[in-house]
There are 2 protein chains.
Amino acid sequence: MRNVLETPEGLAERLAHSGLRPTEQRKVVYGVLLKNRNHPTADEVFAHIRSEMPSAAVSMATVYNCLETLVQCNLVRQVNFERGPTRYCPNLRPHAHFHDEATDTIHDIELPAGLLEQLHSILPPGHQANSVEIIFRGKSGPSS
Amino acid sequence: MRNVLETPEGLAERLAHSGLRPTEQRKVVYGVLLKNRNHPTADEVFAHIRSEMPSAAVSMATVYNCLETLVQCNLVRQVNFERGPTRYCPNLRPHAHFHDEATDTIHDIELPAGLLEQLHSILPPGHQANSVEIIFRGKSGPSS
DNA sequence: AATTATCTTGGAATGATTCTAATCCTCACT
DNA sequence: AGTGAGGATTAGAATCATTCCAAGATAATT
Ligand SMILES: [Mn+2]
Ligand SMILES: [Mn+2]
Ligand SMILES: [Zn+2]
Ligand SMILES: [Zn+2]
């Protein structure tokens with residue numbers, strides 16, 4: 001069963017932990033990320049809110065602010081490909097990203113146990129990495 | 001001993017292979033990358049030329065054009081961190097990048113034999129990756 | 001020499017993101 | 001209920017790396 005994290009319920013608690021308020025806009029933005037696991041851009045989050053929830057009043061500036069807040073609270077990770085617009089991912093487990101160039105879509109690749117440790121072990125002495133990012137680029141079959 | 005690639009001599013041949021001319025500007029830009037293995041940005045390449053080789057006439061637009069050409073010829077790789085300016089790397093061997101956050105410097109990490117194959121093996125069936133990018137972020141000791 | 005294709009260049013345009021300054025809310029306290 | 005202090009949202013301006021464009025060199029071909 002999934003942690004309380006990666007659910008709308010976890011949001012208020014995490015925000016409170018940082019002395020921040022669970023505003024309507026923050027809930028809406030986080031909700032969009034949880035429901036659309038497509039690694040959307042800020043623009044895409046904004047467009048989605050405009051079309052699917054026209055009653056929610058959220059400006060572009062606020063989408064950026066909310067996304068930034070969620071990142072600070074460690075509820076969301078930023079993902080960058082080349083110089084494209086930043087994408088946002090609510091999957092908190094360590095994972096790699098696969099960028100399908102044919103469809104220009106991105107999806108998560110779970111990491112087998114021990115892989116991160118093994119990657120760290122290739123570092124020369126004296127290197128202390130606090131994060132590793134793995135990005136595959138290619139074509140993922142029809143069944144994924 | 002290093003291949004003819006990663007030397008100034010390889011440039012003319014590679015350019016010719018694409019029907020391109022070995023112009024002064026292309027030689028200068030490639031030379032800067034070969035001599036400064038710092039993963040410089042376009043701006044830094046430009047500034048370096050201006051200060052160290054004032055006689056060479058190279059504009060900013062041309063720095064961008066030359067770098068793009070070198071990338072197309074597979075003589076240079078682009079490297080991106082977050083949304084920072086694109087950096088350029090003339091190391092053609094497969095390697096990972098280590099971003100030292102303390103000094104904001106980047107350096108290459110050689111990959112042990114078999115690691116790339118192993119990484120590809122974690123992909124679910126149907127996935128065909130034609131490149132993998134590995135980026136460490138952290139602090140590298142005083143001796144590196 | 002004329003023609004053609006390739007290159008370089010200054011400056012304008014682009015586009016994602018950040019900044020700014022004003023307004024709006026929420027809540028605690030009188 | 002009324003007030004004040006932070007916190008939050010917002011429109012629009014500013015930033016900045018990069019790309020685009022149109023004009024002027026340069027070099028290769030006829
Ligand atoms: Mn990236
Ligand atoms: Mn990147
Ligand atoms: Zn992800
Ligand atoms: Zn490199």
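In what follows, every chain begins at residue 1, and chains take the letters A, B, ... in the order their sequences are listed.
- For the contact set between residues 57-70 of chain A and DNA chain D, defined by any heavy atom under 4.0 Å, the members are A/Ala57, A/Val58, A/Ser59, A/Ala61, A/Thr62, A/Asn65.
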| task | Check step by step if salt bridge (Lys or Arg N to Asp or Glu O under 4.0 Å) holds for A/Arg87 and A/Glu44. | result | CA-CA 9 Å; A/Arg87 298 179 167 278; A/Glu44 289 165 351; 3.5 Å; yes
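- Using modelled atom types, one finds no donor on one side chain facing an acceptor on the other under 3.5 Å when comparing A/Asp100 with B/His127.
- For the pair B/Asn80 CG and D/dT18 C1', the computed distance is 12 Å after rounding to whole Å.
- Looking at residues two or more places apart in sequence or on another chain, you find no ring pair (Phe, Tyr, Trp, His ring centres under 6.0 Å) involving A/Tyr88.
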| B/Arg137 and B/Glu82: salt bridge (Lys or Arg N to Asp or Glu O under 4.0 Å), yes or no, with the steps? | CA-CA 11 Å; B/Arg137 219 177 309 282; B/Glu82 264 101 70; 3.0 Å; yes
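- A donor atom on one side chain and an acceptor atom on the other are not found under 3.5 Å apart for B/His95 and B/His107.
- Residue pairs meeting the side chain to side chain donor-acceptor pair (under 3.5 Å) criterion with at least one partner in residues 52-64 of chain A, sequence neighbours excluded, are A/Ser59-A/Thr62.
- Within residues 46-55 of chain B, no residue has a heavy atom under 4.0 Å from DNA chain D.
- For B/Glu44 and D/dA17, the CD to P distance is 10 Å, given to the nearest whole Å.
- The side chain of B/Thr86 contributes an N or O atom lying less than 4.0 Å from OP1 or OP2 of D/dT18.
- The nucleotide range of DNA chain C contacted by chain A, defined by atoms under 4.0 angstrom from heavy atoms of the protein and reported 5' to 3', is C/dA16 to C/dT26.
- Residues from residues 14-30 of chain A with heavy atoms under 4.0 angstrom of DNA chain D, sorted by number: A/Leu20, A/Arg21, A/Thr23, A/Gln25, A/Arg26.
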